[in-house]
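Structure first, commentary second.
Side chains are part of it too, since the values below use all heavy atoms of this structure and drop only hydrogens, waters and symmetry mates. We count ligands from 1, going down the list as the structure has it; atoms in each ligand are counted the same way. This is a predicted model, so every value here is computed, not measured.
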Amino acid sequence: MSAVAGPVDEPEPSAAPWRTGLPVARRPGCLPEPPWDDPSLGELIVPADELQARIADLGAAIARHYADRPPLLVGVLKGACIFLSDLARAIGLPVEMDFMAISSYGSATRTSGVVRIVKDLDIDLTGRHVLIVEDIVDSGLTLSFLTRNLLARNPASLEVCALLVKEGLQATSLDLAYEGFRIPPEFVVGYGLDVAERFRNLPFICEYRGGDPAGLS
Ligand SMILES: O=P(O)(O)OC[C@H]1O[C@H](OP(=O)(O)OP(=O)(O)O)[C@H](O)[C@@H]1O
Ligand code: HPA
C-alpha cells in the first residue's frame, strides 16, 4: 500500500513527504502558535496548509475515480467530521453523506479494544458506491470492524479514505484506496482528533504530550 494510493490516475509524485510514501517528518521545535499554544501540546506533525493541499489532491483523485457514479460518503464521527467537511467540498461531484458514530477510545489515549456503534447510518447501502471517510487508522480495529459491518449491507462497492495512518501499529494489513499522511506512532490531536473531547478544533495535527487525560476538566 502506498501513501498516495488511489484507484486511478494519481498526480505525479513530488518531493513532499506525503507523496513519496515516507513517514511525515515531525517538525522539530515547531510548536503550535497562539491562540493554539497549550502546554499539553507537542510538536507539529501536519501543518494546516499541508492538510488543505493534500485534501485538495485527494478530492480530485476521488472525483476522477467516481466520475460516473458519485459516492455516498460515510463519515466516522466524531473524529472525521472536520476532514469530511473539507474533503466533500474538494470532490467536484454530487456526493451524498451519512454518518456513523463509533467509539473505542473513550477519554483514553489507548484503544479499549471494544468497538461500539454509538449512532448508525440513516441510508440503506444496498447497491450504493460507499466511501468510508476516517480521520485516523491507529490500531486498525475501528476500520476492520466498520468494513466488515458495512460490507454485510451489500453496497455496490466499498472503499476507504483515511486522512492519517500511524506507521506500523496495525495487526492486519490495510486496504486503503486513499490515504492522506503516514504519521509517527504517537498520540496526536487536532483537525477532528481529540483527547477527552479537547483539541478537535485545532486547524493542524500535533503531538499530544499531556499525559493521562483523565484529570482534564
Ligand atoms: O484504529 P483505531 O485504533 O481503532 O483508532 C481509530 C479510531 O479512533 C478514533 O475514534 P474514537 O474511538 O476516539 O472516537 P471519536 O472519533 O469520537 O473521537 C478515530 O476517530 C478512529 O475512528
Ligand atoms: O492518536 C490519536 N489521537 C486521537 N484519537 C485517536 N484515536 C486513535 N488514535 C488517536
- Item | Met97 with Tyr178, same ILVMFWY side-chain cluster at under 4.5 Å | yes

- Query: Okay, side chain of Asp98, backbone of Ile123: is any donor-acceptor separation there less than 3.5 Å?
  - Reply: yes

- Those residues that, when tested against Glu33, pass side-chain contact (heavy atoms from CB on, under 4.5 Å) (two or more places apart): none

- Query: What residues sit with at least one heavy atom under 4.0 Å from ligand 1?
  - Reply: Leu77, Lys78, Gly79, Ile102, Ser103, Ser104, Tyr105, Glu134, Asp135, Ile136, Val137, Asp138, Ser139, Gly140, Leu141, Thr142, Asp194, Arg200

- Task: Given side-chain contact (heavy atoms from CB on, under 4.5 Å), test Leu163 with Ile136 step by step and report yes or no.
- Result: CA-CA 6 Å; Leu163 179 64; Ile136 190 163; over 6 Å; no

- Note on the structure: For Leu141 and Gly113 the tightest heavy-atom approach is CD1-CA, 3.7 Å

Contacts table for residues 66-77: side-chain donor-acceptor under 3.5 angstrom, sequence neighbours left out:
{"residue": "Arg69", "atom": "NH2", "partner": "His65", "partner atom": "O", "Å": "3.1"}
{"residue": "Arg69", "atom": "NH2", "partner": "His65", "partner atom": "NE2", "Å": "3.3"}

- Are Glu96 and Arg128 close enough for a salt bridge, meaning some N to O gap below 4.0 Å? yes

- Item | Partner of Tyr191 by side chain to side chain contact (heavy atoms under 4.5 Å, CB included), out of Asn201, Asp86, Leu164, Asp135 | Asp86

- Sort out the contact shell of ligand 2: every protein residue with a heavy-atom distance below 4.0 Å, listed by chain and number. Tyr105, Ile136, Asp138, Lys166, Glu186, Phe187, Val188, Leu193, Asp194

- Hey, what's the ring geometry for Tyr208 with Phe199, parallel, tilted or perpendicular (30° and 60° as the breaks)? tilted

